[in-house]
Student: 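To start, I am sharing the structure in question, which I have written as structure tokens.
Chain letters run A, B, ... following the sequence lines, proteins first, then strands; residues in each count from 1.
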Amino acid sequence: MPELPEVEVSRLGIAPYLQGEHITQLIVRDRRLRWPVEEALSDAVGQKVVAVTRRAKYLLIELQNTGRIILHLGMSGKLRVLDAAVPPVKHDHIDIVLASGKCLRFNDPRRFGACLWQAPGQDIPAQLSHLGPEPLTTDFAADRLTRLSRGKQVAVKNFIMDNAVVVGVGNIYANEALFMAGIDPRRKAGNVSAKRYERLTVAIKDVLAKAIQQGGTTLKDFTQTDGNPGYFKQSLNVYGRAGKPCMVCETPIKSLTIGQRNTFYCPQCQR
DNA sequence: AAACACCCCTGCGGGC
DNA sequence: TGCCCGCAGGGGTGTT
């Protein structure tokens, strides 16, 4: 479900309900997520939430004692803010209950998501310690793509989906950004010129920022925390449009598999 | 080292 | 209506 824009939309939706609130209870109904949910997570009870931040596709619930609850939505994870008394439904695995009477409820049918616990004073979990720059900051610039890609045989699409290169670019937005930049997704990363990486960098920033503005992309089941869908699907140029005419030149969009993932591109516009 | 394939898991849509 | 198959937004792990 979620790429960076959907995670950011979720963050914006939940933050007002969590910030400044005390956690009164943690309910874990199923610990079998991407990694087993640690018992120590309940150490967060009694703590005040000072902020909800994001790193890559991880949401960080920052606690006053410097502890953190770290959530990842995986492929099918969803967050809702509800009255704590609302009965849980299937796949509602975790409730973070707040003094306000609300709770943050994590639902994840496929259980590819995660809930990690970083105790006060502990290092950030290893999953977050080797991540590349955030795409929407100035830390992510074209020269980085050019420098890291020299000599690389990997397809440029896989290259920009590598979290060590830049975080938060998943399958939808990798396809969209490559279309916007006019680059064939199969092209070897090392064979893309510095000039074209300039265009790709702009495209990545642009597509992610616009998707956040429009509330993310709803494909099957993504909803904003208010239950409304995201509207960016209407702006997709290539993703999921195999056989349909290119928005620019009307050539049928092609699909193929790159790195075990479905890839869409315009054979005319992307070289 | 780099480039892949594979796996975790459930639900859903399409074809028959 | 029902069954079976393929596929899905992520990403860590293990093999060449």
Student: Please tell me which of the listed nucleotides, C:dA8, B:dC4, C:dG11, lies nearest to the side chain of A:H72?
Tutor: C:dG11
Student: Just how far, in rounded Å, is P of C:dG9 from CD of A:E176?
Tutor: 13 Å
Student: Work out which heavy atom in A:R241 is nearest to a heavy atom in A:I253; give both atom names and the distance.
Tutor: O-CB, 3.3 Å
Student: For atom NZ of A:K205, decide whether the heavy atoms of other residues, nucleotides or ligands shown that lie under 6.0 angstrom number more than 12.
Tutor: yes
Student: Pairs under 3.5 angstrom, nitrogen or oxygen only, protein versus nucleotides 7-9 of chain B, please.
Tutor:
| residue | atom | partner | partner atom | Å |
| --- | --- | --- | --- | --- |
| B:dC9 | O4' | A:R110 | O | 3.4 |
| B:dC9 | O3' | A:R111 | NH2 | 2.8 |
| B:dC9 | O2 | A:R110 | NE | 2.8 |
| B:dC9 | N3 | A:R110 | NH2 | 3.4 |

Student: To the nearest angstrom, how far is A:L256 atom CG from C:dC7 atom P?
Tutor: 14 Å
Student: When you look for runs of 3 or more Watson-Crick or G-U pairs in a row, both distances below 3.5 Å, which of them include DNA chain C?
Tutor: B:2-8 with C:10-16, B:10-16 with C:2-8
Student: What is the minimum heavy-atom distance between A:L4 and A:P135, and which atoms define it?
Tutor: CD1-CG, 3.8 Å
Student: Give a yes or no on whether a salt bridge exists between A:E134 and A:R55, defined as a side-chain N under 4.0 angstrom from a carboxylate O.
Tutor: yes
Student: Provide the distance between the two P atoms, one in B:dC9 and one in C:dG14, to the nearest whole Å.
Tutor: 16 Å
Student: So, are A:E6 and A:K57 salt-bridged, with charged N and O less than 4.0 Å apart?
Tutor: no
Student: With the side chain counted from C-beta on, respond yes when A:S10 and A:P2 share a heavy-atom pair under 4.5 Å apart, and no when they do not.
Tutor: no
Student: Report which part of the nucleic acid A:F159 touches: base, sugar-phosphate, or nothing (heavy-atom distance under 4.0 Å, all strands).
Tutor: nothing
Student: Please report the shortest heavy-atom distance between A:R11 and A:L59, naming the atom on each side.
Tutor: CB-CD2, 3.4 Å
Student: Take A:N107 and A:K90, measure what side-chain hydrogen bond (donor to acceptor under 3.5 Å, both in side chains) needs, and give me the verdict at the end.
Tutor: CA-CA 8 Å; A:N107 178 291; A:K90 199 174 183 183; over 6 Å; no
Student: Can you tell which of A:Y265, A:F232, A:F264 makes a ring pair (Phe, Tyr, Trp, His ring centres under 6.0 Å) with A:Y239?
Tutor: A:F264
Student: Would you kindly give the CG-to-C1' distance between A:L33 and C:dG11, to the nearest whole Å?
Tutor: 15 Å
Student: Strictly below 4.0 Å: does A:K152 bring a side-chain N or O up to OP1 or OP2 of B:dA3?
Tutor: no
Student: Quantified in whole Å, what is the P atom distance between nucleotide C:dG6 and nucleotide B:dC6?
Tutor: 15 Å
Student: Under 4.0 Å, counting only non-hydrogen atoms across every strand here, what does A:K90 touch: a base, just sugar-phosphate, or nothing?
Tutor: sugar-phosphate
Student: At under 4.0 Å, does any side-chain N or O of A:N163 touch on OP1 or OP2 of C:dG11?
Tutor: yes
Student: Whole angstrom is fine here: how far is it from CE in A:M75 over to C1' in B:dT10?
Tutor: 11 Å
Student: Starting from P on B:dA5, measure out to CD1 on A:I258 and report it in whole angstrom.
Tutor: 12 Å
Student: Can you tell me the distance, in whole Å, between the CG atom of A:D162 and the P atom of B:dC4?
Tutor: 13 Å
Student: Between A:N262 and C:dA8, is there a contact of a side-chain N or O with OP1 or OP2 at under 4.0 Å?
Tutor: yes
Student: Quickly work out the A:F232 CZ to C:dG9 P distance and round it to whole Å.
Tutor: 16 Å
Student: From CG of A:N171 over to P of C:dC7, roughly how many Å is that when rounded to an integer?
Tutor: 14 Å
Student: I want to check something: taking the side chain as every heavy atom from C-beta on, are A:M180 and A:D206 in contact at a cut-off of under 4.5 Å?
Tutor: yes
Student: Using a 4.0 Å heavy-atom cut-off across all strands, classify A:D108 as base, sugar-phosphate, or nothing.
Tutor: nothing
